[in-house]
Peer 1: 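Please read through the structure below; I'll follow up with questions.
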Amino acid sequence: MKNILKKSIAVLAIAVSLVSCSKNEDAISGTGTLKIQYENGFAGNELVLGSPTVATSQGEVLKINTIKYIISNIVLYNENGDVYTYPKSQSYFIVDEQTPASLVISLPNVPAGNYNKIKFGIGVDQAQYNLGASGQGNFWTQAQAAGMDWGWAAGYKFVRFEGTFTAPNANPAISADTDFMVHTGQTSTDYNYREVTLTLPTNALVRTNIYPQIHLSTDLSKIIDGTNKVSLAANNGMGMGAMIMGGTVLTQISDNIPSMFSVEHVHNDPN
C-alpha cells in the first residue's frame, strides 16, 4: 500500500512539473510589442524648450528650441544570451521633442522573451546610406520633412541640437542670447555614426499579453558637456553664432552622444 501511495505521489509530481513547464513554455511563445520611451532632459532637470538650462561646466546657459535625433538598428538581448535584431528596414525613427508621439517608439512582432539589454544606433549607418537615395525607402522623405538632411550628397543629420546661449564667463563675455546649432552627421573625413548599449535594471517581458515599455533618460547636456567639454563661445564666430557642423569638434561631440542615454526604468504592463 505504501509503495502504491509513493508511486502515485511520484506520478502526480511529474504531471504537475510537466504542466508547469508547458505553461511556462506557452507564456513565452508567440510575439508581442515592445515600446521605448525617450525622456529628454538637461543635467538632471526636465527639458522645457525655450527656457534657460543650468550652466554647463563652461559656464554657458542654453535655451534649447530644437532637439531631434535619429534612432536606428535596434537590437535586443534576452537573458538566455539570444539576440534579436529588429528588421533593419523598419528600424529608423526620428525622435523630436516638439512631436510628443515621436518620443515613444513601438516595435511590434518582437519574439516573446525576457530581454535584459538593448542596443541602438544614433544616426543612419553607412551601409544603409550606401544603398543610395532609392534604397532608403520612405525614411529619406521623412528625414527631409523633419529637416534631418543636408541633401543627398551630404546625407542625413543624425542629431539636430539648436537654440541660443549666453556665456558670461567667456572672454569677451556673451551676455545676449546668441544662436547655436550643432548638427552631427557625415563630413568629408568622418561618418560620425555611433551606437549605444544599455543593460536593463529589470527584464522587459515581451509576451502576447504583456507590452513592456523601456523608459530612457536622455541628458542633452552630454552633447557638449560629456567626456569632451565643448565651449559654444569658443566656436562663436563671424557674427553667425556657434555653428558646429564639422571638424574635430564635431567628432568630439559625436563621441559624447552615446553617454547621454541611460535607462530610467522598465514597465511590464498587461495588454
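Note that the structure is a prediction, hence the values are computed from the model and not measured.
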Peer 1: Do side-chain atoms of Q58 reach the backbone of L232 as a donor and acceptor pair under 3.5 angstrom?
Peer 2: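 No, because the side chain of Q58 does not come within donor-acceptor range (under 3.5 Å) of the backbone of L232.
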Peer 1: Dump the intermediate steps for side chain to side chain contact (heavy atoms under 4.5 Å, CB included) on Y38 and I71, then the final yes or no.
Peer 2: CA-CA 10 Å; Y38 291 84; I71 297 297; 3.4 Å; yes
Peer 1: Is any side-chain heavy atom of L49 closer than 4.5 Å to one of I64?
Peer 2: yes
Peer 1: Are the side chains of I118 and I74 in touch, meaning some heavy atoms are under 4.5 Å apart?
Peer 2: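 Counting from C-beta outward, I118 and I74 do come under 4.5 Å.
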Peer 1: Which one of K35, H265, Q37 satisfies the side chain to side chain donor-acceptor pair (under 3.5 Å) criterion with Q213?
Peer 2: Q37
Peer 1: Begin from the C-alpha positions of I257 and R194 and carry the test side chain to side chain contact (heavy atoms under 4.5 Å, CB included) through to its verdict.
Peer 2: CA-CA 8 Å; I257 283 172; R194 299 291 187 271; 5.5 Å; no
Peer 1: Looking at every non-hydrogen atom in both residues, tell me the closest pair between A43 and S221 and how far apart they are.
Peer 2: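 Heavy-atom minimum between the residues: N-OG, 3.6 Å.
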Peer 1: Answer yes if the side chains of E195 and N73 hold a donor-acceptor pair under 3.5 Å, and no otherwise.
Peer 2: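 Absent: no donor and acceptor within the cut-off.
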Peer 1: What pair of heavy atoms forms the shortest contact from G113 to R207, and how long is it?
Peer 2: O-NH1, 3.3 Å
Peer 1: Backbone N or O of N114 within a donor-acceptor pair of the N203 side chain at under 3.5 Å?
Peer 2: no
Peer 1: Consider only side-chain N and O atoms of S217 and E264, and report whether a donor and an acceptor are under 3.5 Å apart.
Peer 2: yes
Peer 1: Does the side chain to side chain contact (heavy atoms under 4.5 Å, CB included) test come out yes or no for K119 and Y77, once each step is laid out?
Peer 2: CA-CA 8 Å; K119 180 173 76 172; Y77 301 80; 3.6 Å; yes
Peer 1: Checking T189 side chain against T187 main chain: does a donor-acceptor pair fall under 3.5 Å?
Peer 2: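 The answer is no, because no donor-acceptor pair under 3.5 Å joins these two groups.
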Peer 1: How would you list all residue pairs meeting side-chain hydrogen bond (donor to acceptor under 3.5 Å, both in side chains) that involve residues 96-107, not counting sequence neighbours?
Peer 2: N40-E97, D96-T99
Peer 1: Out of curiosity, L34 CG to N109 CG, how far, rounded to the nearest 0.5 Å?
Peer 2: 12.0 Å
Peer 1: Do you know which of T164, T166, T53, D177 makes side chain to side chain donor-acceptor pair (under 3.5 Å) with K63?
Peer 2: D177
Peer 1: Side-chain contact, heavy-atom cut-off 4.5 Å: P258 with F120?
Peer 2: no
Peer 1: Considering all heavy atoms of both residues, which atom of A112 and which atom of S29 are nearest to each other, and what is their separation?
Peer 2: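 The pair with the smallest heavy-atom distance is CB-O, 3.5 Å.
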Peer 1: Assigning hydrophobic clusters by single linkage (Ile, Leu, Val, Met, Phe, Trp, Tyr; side-chain heavy-atom cutoff under 4.5 Å), is V196 placed with V83?
Peer 2: no
Peer 1: Same cluster or not: are W150 and M243 linked, directly or through other Ile, Leu, Val, Met, Phe, Trp or Tyr residues, by side-chain heavy atoms under 4.5 angstrom apart?
Peer 2: yes
Peer 1: Hydrophobic clusters here meaning ILVMFWY residues chained together by side-chain heavy-atom distances under 4.5 Å, can you tell me if V104 and Y86 are in one?
Peer 2: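 Result: no, two separate clusters.
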Peer 1: Can you name the nearest heavy-atom pair linking P168 to A173, along with the distance?
Peer 2: O-CB, 3.4 Å
Peer 1: Do the side chains of I224 and L62 get nearer than 4.5 Å, heavy atoms only?
Peer 2: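 The answer is yes; the side chains approach within 4.5 Å.
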Peer 1: Any heavy-atom pair between the side chains of D190 and L250 that's under 4.5 Å?
Peer 2: no
Peer 1: Drop me the distance from Y115's OH to L205's CG, to the nearest 0.5 angstrom.
Peer 2: 11.0 Å
Peer 1: Indicate the atoms forming the closest heavy-atom contact of A153 with Q186, along with that distance.
Peer 2: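 Smallest heavy-atom distance, with atoms named: O-NE2, 4.3 Å.
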Peer 1: Do N192 and T184 have side-chain atoms, one donor and one acceptor, less than 3.5 Å apart?
Peer 2: no
Peer 1: Taking atom CG of L198 and atom CD1 of I36, what is their separation to the nearest 0.5 Å?
Peer 2: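 Between atom CG of L198 and atom CD1 of I36 there are 10.0 Å.
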Peer 1: Indicate if I105 and Y84 have the same hydrophobic cluster label, given that clusters are the connected sets of ILVMFWY residues with side-chain heavy-atom separations under 4.5 angstrom.
Peer 2: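 Yes, it is one cluster - the side chains of I105 and Y84 are joined through contacts under 4.5 Å.
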Peer 1: Can you tell me how far OG1 of T31 sits from CG of L107, rounded to the nearest 0.5 angstrom?
Peer 2: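 That separation rounds to 12.0 Å.
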Peer 1: First locate atom CG of D149, then atom NE2 of H183, and finally report the distance between them rounded to the nearest 0.5 Å.
Peer 2: 11.0 Å
Peer 1: Is there a side-chain contact between N209 and P270 in this structure, where contact means two heavy atoms from C-beta onward sitting under 4.5 Å apart?
Peer 2: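 They are not in side-chain contact.
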Peer 1: Decide if the gap between the ring center of F161 and the ring center of F180 is smaller than 6.0 angstrom.
Peer 2: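 Yes; F180 has its ring centre under 6.0 Å from that of F161.
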Peer 1: Parallel under 30°, tilted from 30 to 60°, perpendicular over 60°: which one fits the rings of Y129 and Y191?
Peer 2: tilted
Peer 1: With sequence neighbours excluded, what pairs up with N228 under the side-chain contact (heavy atoms from CB on, under 4.5 Å) test?
Peer 2: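 N228: side-chain contact (heavy atoms from CB on, under 4.5 Å) contacts with Q252, D255, N256.
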Peer 1: With rounding to the nearest 0.5 angstrom, report the CD1 to NE2 distance, I214 to H267.
Peer 2: 11.5 Å
Peer 1: Here's a test for you: under ring pair (Phe, Tyr, Trp, His ring centres under 6.0 Å), which of F261, F158, F93 qualifies with Y69?
Peer 2: F261
Peer 1: Under the criterion side chain to side chain contact (heavy atoms under 4.5 Å, CB included), I'd like the reasoning laid out for K117 against V75: C-alpha separation, chi angles, the key distance, then a yes or no.
Peer 2: CA-CA 8 Å; K117 190 186 299 184; V75 178; over 6 Å; no
Peer 1: How close do I244 and V249 get, heavy atom to heavy atom, and via which atoms?
Peer 2: CG2-CG1, 3.8 Å
Peer 1: Would you mind writing out the side-chain donor-acceptor pairs for residues 133-148 within the sub-3.5 Å range, not counting sequence neighbours?
Peer 2:
from : atom 1 : to   : atom 2 : distance (Å)
Q136 : OE1    : Y156 : OH     : 2.8
Q136 : NE2    : Q128 : O      : 2.7
Q136 : NE2    : G132 : O      : 2.9

Peer 1: Would you indicate whether the side-chain heavy atoms of F42 and V54 approach each other to under 4.5 Å?
Peer 2: yes
Peer 1: Do Y193 and V124 come within less than 4.5 Å of each other through their side chains, counting heavy atoms only?
Peer 2: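 No, too far: nothing below the 4.5 Å cut-off.
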